[in-house]
Amino acid sequence: MADARAVLAGYRASIDNIDAALIHMLAERFRCTKAVGVLKAEHGLPPADPAREQQQIARLRQLAKDAHLDPDFAEKFLNFVVREVIRHHEQIAANNGVTKAG
Ligand SMILES: O=C(O)C(=O)C[C@]1(C(=O)O)C=C[C@@H](O)C=C1
């Protein structure tokens, strides 16, 4: 039992590091997409680009398969993130290209 607890603690330390890396990577991605939102608003480009999304989905599904991750999960995760990005783009466009902090 003591051994199992030590093994579990070791796995949890890795999980905590991975979760921290995910948060930092998502923060960087949203920093980048906010700049994209400003660029799009300044040039009158639409918030969503469905053709680009189809390319991203196809690419991530293949990457997921190669990595033995469920491709349906990868697609759902990308869609979840992109829907939030589009919401930000729409807000930026409504504010004429001005972003709010956060
Ligand atoms: O590439 C763009 O045009 C973006 O706005 C970025 C992004 C994304 O988050 O990857 C978001 C919305 C678009 O529909 C496609 C892709």
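Since the model is a prediction, treat every value here as computed from it, not as a measurement. Every number for a ligand or one of its atoms is a count from 1 in the order of the listing.
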Per-atom contacts, ligand 1 versus V82 - under 4.0 Å to a heavy atom = 8 (C), 9 (O), 11 (C), 12 (C)

So among M25, R31, H24, which one has a side-chain contact (heavy atoms from CB on, under 4.5 Å) with E28?
-> R31

Find all atoms of ligand 1 within a distance of less than 4.0 Å from any non-hydrogen atom belonging to D49, and give their numbers and elements.
-> 13 (C), 14 (O)

For ligand 1, is any non-hydrogen atom under 4.0 Å from V81's backbone (N, CA, C, O), its side chain (CB onward), both, or neither?
-> neither

Taking C-beta and beyond as the side chain, do E53 and I86 meet within less than 4.5 Å on heavy atoms?
-> yes

among protein heavy atoms, the one nearest atom 11 (C) of ligand 1 is V85 CG1, 3.6 Å

Would you indicate whether the side-chain heavy atoms of T33 and E84 approach each other to under 4.5 Å?
-> no

A student checking ligand 1 against I86 at a 4.0 Å heavy-atom cut-off should list atoms 12 (C), 14 (O)

Based purely on interatomic distance, does H89 place a nitrogen or oxygen under 3.5 Å from a nitrogen or oxygen of ligand 1?
-> yes

Can you pull out the closest protein heavy atom to atom 4 (C) of ligand 1? Residue, atom name and distance to 0.1 Å, please.
-> K40 NZ, 3.6 Å

Are V36 and L78 co-members of a hydrophobic cluster defined by side-chain heavy atoms under 4.5 Å apart?
-> no

Could you tell me whether a side-chain N or O of K40 sits under 3.5 Å from a main-chain N or O of L45, the two making a donor and an acceptor?
-> no

Proximal atoms of ligand 1 relative to V36 (non-hydrogen, under 4.0 Å) | 4 (C), 5 (O)

Got R87 and R83 here, is their nearest side-chain heavy-atom distance under 4.5 Å?
-> no

Is V82 linked to I57 within one hydrophobic cluster, defined over Ile, Leu, Val, Met, Phe, Trp and Tyr using a side-chain heavy-atom separation of less than 4.5 Å?
-> yes

Who's the nearest protein heavy-atom neighbour of atom 14 (O) of ligand 1, and how far?
-> E53 OE2, 2.4 Å

Of the listed options (R52, Q56, R83, R29), which comes nearest to atom 1 (O) of ligand 1 when hydrogens are ignored and any heavy atom counts?
-> R52

